[in-house]
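Here is the structure we will look at.
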Amino acid sequence: MKIKRIILVLFVMFMPFVVNAQTCDTSKITISSVELDNKSNSVVELSEPTASGKNVNLDLSMTNEGDNIQYKIVVKNDSDEDYELDSNSLGLSSDYVTYTLDAGSDSIVKANSTKTVFLRVKYTHKVPANAFKSGLYTDSKDLVVNLSNDKVISVNPNTGISYLLYVMIIAAFGISGYIAFKKKKHGVIAIIIVGIITVPASVYALCKCEIKVTSNVEIQQTNFTGVIYRNNEHKIRPGDSIIPSWKWIIYDVNRDKEYLDEIFSTKEECEDIISNHSSPKAKVGNSDVICKQTKIGAGEYVTKASDLNKNYYIRDEVQNDIVTKVQVCFVTTKEVCLNPGETEFMNNYTTIQGEESWFNEHEGNCSFNDAYAGCNNDQLRVYADLDGAEASLPFGAFCDPYYCGYNELN
């Protein structure tokens, strides 16, 4: 009789394992598609949204506070269970960007069906000026949308304690308890009650899965007034904005070179130039020349010249994002700046001439005639040429910084 009671006790205690030994098949929950629904005019998709399995990737650019974009996401449920979307699980924000999920009045993704939800990304709080780098702030987030159903399942044994260990612990507890209480009238009942209370609490959990949204949002600084310093090939004239605009250019894949001297408003315009071979960059049979979307503007810059760690650079004076003055500068014992344009030739001539002694003292030399002034050493070369083509000179209309460097023609 005692043996029968022990077997009865252990059977009751092990029931949760027998009845609920099942798992969720979350592999059947996937993102079927993600596509643009609507957006503000100044929002740019740096790349098209992608969906893979349970992952969604977004890559965006925003400029103005209040900019927003909304995506339509189709969640596919190929399982035999209904799942509930937790809209609040993604209702979080970074310091400056807010993400919200709208599942409508019914948040259930029914078995063997699909459901469309809307993901909204909004630039809600202005980024402070000191947070920008080269006028840009990048907000990157990994977000999770939780899905669950009301099916109670046993906890995954891979959490560190196996079912076998549970069985051993419970068996030992049950036998010991029975022996301890065997002379008491209610010993068996007490053990059964303890088993029922403790075991389910340790092995039950809801069936859940997650959808992950990886979001990258570039936020552009606006209304900047001050001086910027840069060392890049971006060409800026007085009157141009330092805020980049997204344009299309010809890109040589083999050489990893962007041709910034030909700029197109649309991809179609660029592809038409390539297909008709009407540009010297679009060589016949060169399948590695493609159209690429890129930012046209000031490029990377700093607001302190010393942060460049260069002895030559471009200096741009800016008022409310608009360039008002452009100079080429180099450093000897001090900062020396030259002004672009042929009308400034004599002023630049005199400025370079004033640095002749420094170049001579630093293993360099200078040369001057009626139409040319130039000095160089193994670290720096500067010159002004009265008869040169304006766009190719460091003192021409575009003022490229690399012309100030010693190896500027390589």
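Keep in mind that this is a model prediction, so the values were computed, not measured.
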Exercise. Decide if the gap between the ring center of Tyr137 and the ring center of Tyr96 is smaller than 6.0 angstrom.
Key: yes

Practice problem: Flag the pair Asp102 and Arg120 as a salt bridge only when some basic side-chain nitrogen lies within less than 4.0 angstrom of an acidic carboxylate oxygen. | Solution: no

Quiz item: Counting distance only, does the side-chain N/O of Ser40 pair as donor-acceptor with the main-chain N or O of Ser42 below 3.5 Å?
Solution: no

Practice problem: May I ask you to check whether over 12 heavy atoms, not counting those of His125, lie within 6.0 Å of atom NE2? | Solution: no

Quiz item: Mind checking whether Val97 and Lys141 have side chains closer than 4.5 Å, heavy atoms only?
Solution: no

Quiz prompt | Euclidean distance, Glu317 CD relative to Ile228 CD1, rounded to 0.5 Å | solution = 11.0 Å

Quiz prompt | Within 6.0 Å of CG in Asp370, more than 12 heavy atoms from elsewhere | solution = no

Practice problem: Quickly, which of Val144, Val75, Thr30 forms a side chain to side chain contact (heavy atoms under 4.5 Å, CB included) with Ile211? Name it, please. | Solution: Val75

Exercise. Supply the atom-to-atom distance Ile263 CD1 to Glu258 CD, rounded to the nearest 0.5 angstrom.
Key: 10.5 Å

Quiz prompt | salt_bridge(Glu355, Lys334) N-O dist < 4.0 Å | solution = yes

Quiz item: So do the side chains of Leu58 and Val56 get within less than 4.5 Å of each other, counting heavy atoms only?
Solution: yes

Quiz item: Does the side chain of Phe330 reach to within under 4.5 Å of the side chain of Val328, using non-hydrogen atoms?
Solution: no

Quiz prompt | Heavy atoms from other residues, nucleotides or ligands near CD of Glu335 exceed 12 (cutoff 6.0 Å) | solution = yes

Quiz item: Are Asn112 and Asp80 linked by a side-chain donor-acceptor pair shorter than 3.5 Å?
Solution: yes

Practice problem: Calculate, to the nearest 0.5 Å, the distance between atoms CZ and CG belonging to Phe359 and Asn365 respectively. | Solution: 9.5 Å

Quiz item: Judged by atom type as modelled, is there a donor-acceptor pair below 3.5 Å linking the side chain of Glu300 to the main-chain atoms of Arg230?
Solution: no

Self-check item: side chain to side chain contact (heavy atoms under 4.5 Å, CB included) evaluation trace for Val121 with Tyr99
Solution: CA-CA 5 Å; Val121 185; Tyr99 301 84; 3.6 Å; yes

Quiz prompt | Heavy atoms of other groups near Glu65 CD, more than 12 under 6.0 Å | solution = yes

Quiz item: Got more than 12 heavy atoms from elsewhere within 6.0 Å of NZ, Lys122?
Solution: no

Exercise. Go through Thr214 and Asp142 one step at a time and tell me if the side-chain hydrogen bond (donor to acceptor under 3.5 Å, both in side chains) criterion holds.
Key: CA-CA 5 Å; Thr214 299; Asp142 287 334; 3.2 Å; yes

Exercise. Check the surroundings of atom CG in Asn41: do more than 12 heavy atoms from other residues, nucleotides or ligands lie under 6.0 Å from it?
Key: no

Quiz prompt | Heavy atoms of other groups near Lys39 NZ, more than 12 under 6.0 Å | solution = yes

Quiz prompt | Pairwise distance CD1(Ile322) to CG(Asn320) - rounded to 0.5 angstrom | solution = 8.0 Å

Practice problem: Could you label the plane-to-plane angle of the Tyr349 and Phe345 rings as parallel, tilted or perpendicular, counting under 30° as parallel and over 60° as perpendicular? | Solution: perpendicular

Quiz item: Does Ser79 reach the main-chain N or O of Glu81 with its side chain, forming a donor-acceptor pair under 3.5 Å?
Solution: yes

Practice problem: Could you tell me whether Lys292 atom NZ has more than 12 heavy atoms of other residues or ligands within 6.0 Å of it? | Solution: yes

Quiz prompt | Asn231 and Tyr301: side chain donor to acceptor below 3.5 Å | solution = no

Exercise. Specify whether Tyr229 and Tyr313 have parallel, tilted or perpendicular ring planes, treating 30° as the upper limit for parallel and 60° as the lower limit for perpendicular.
Key: perpendicular

Quiz item: So do the side chains of Val44 and Glu218 get within less than 4.5 Å of each other, counting heavy atoms only?
Solution: no

Self-check item: Separation between CD of Gln70 and CG of Asn38, rounded to the nearest 0.5 Å
Solution: 5.0 Å

Self-check item: Side chains of Asp139 and Tyr123 in contact at under 4.5 Å (non-hydrogen atoms)
Solution: no

Practice problem: Would you check if the side chain of Asn339 reaches a backbone N or O of Asn348 as a donor-acceptor pair within less than 3.5 Å? | Solution: no

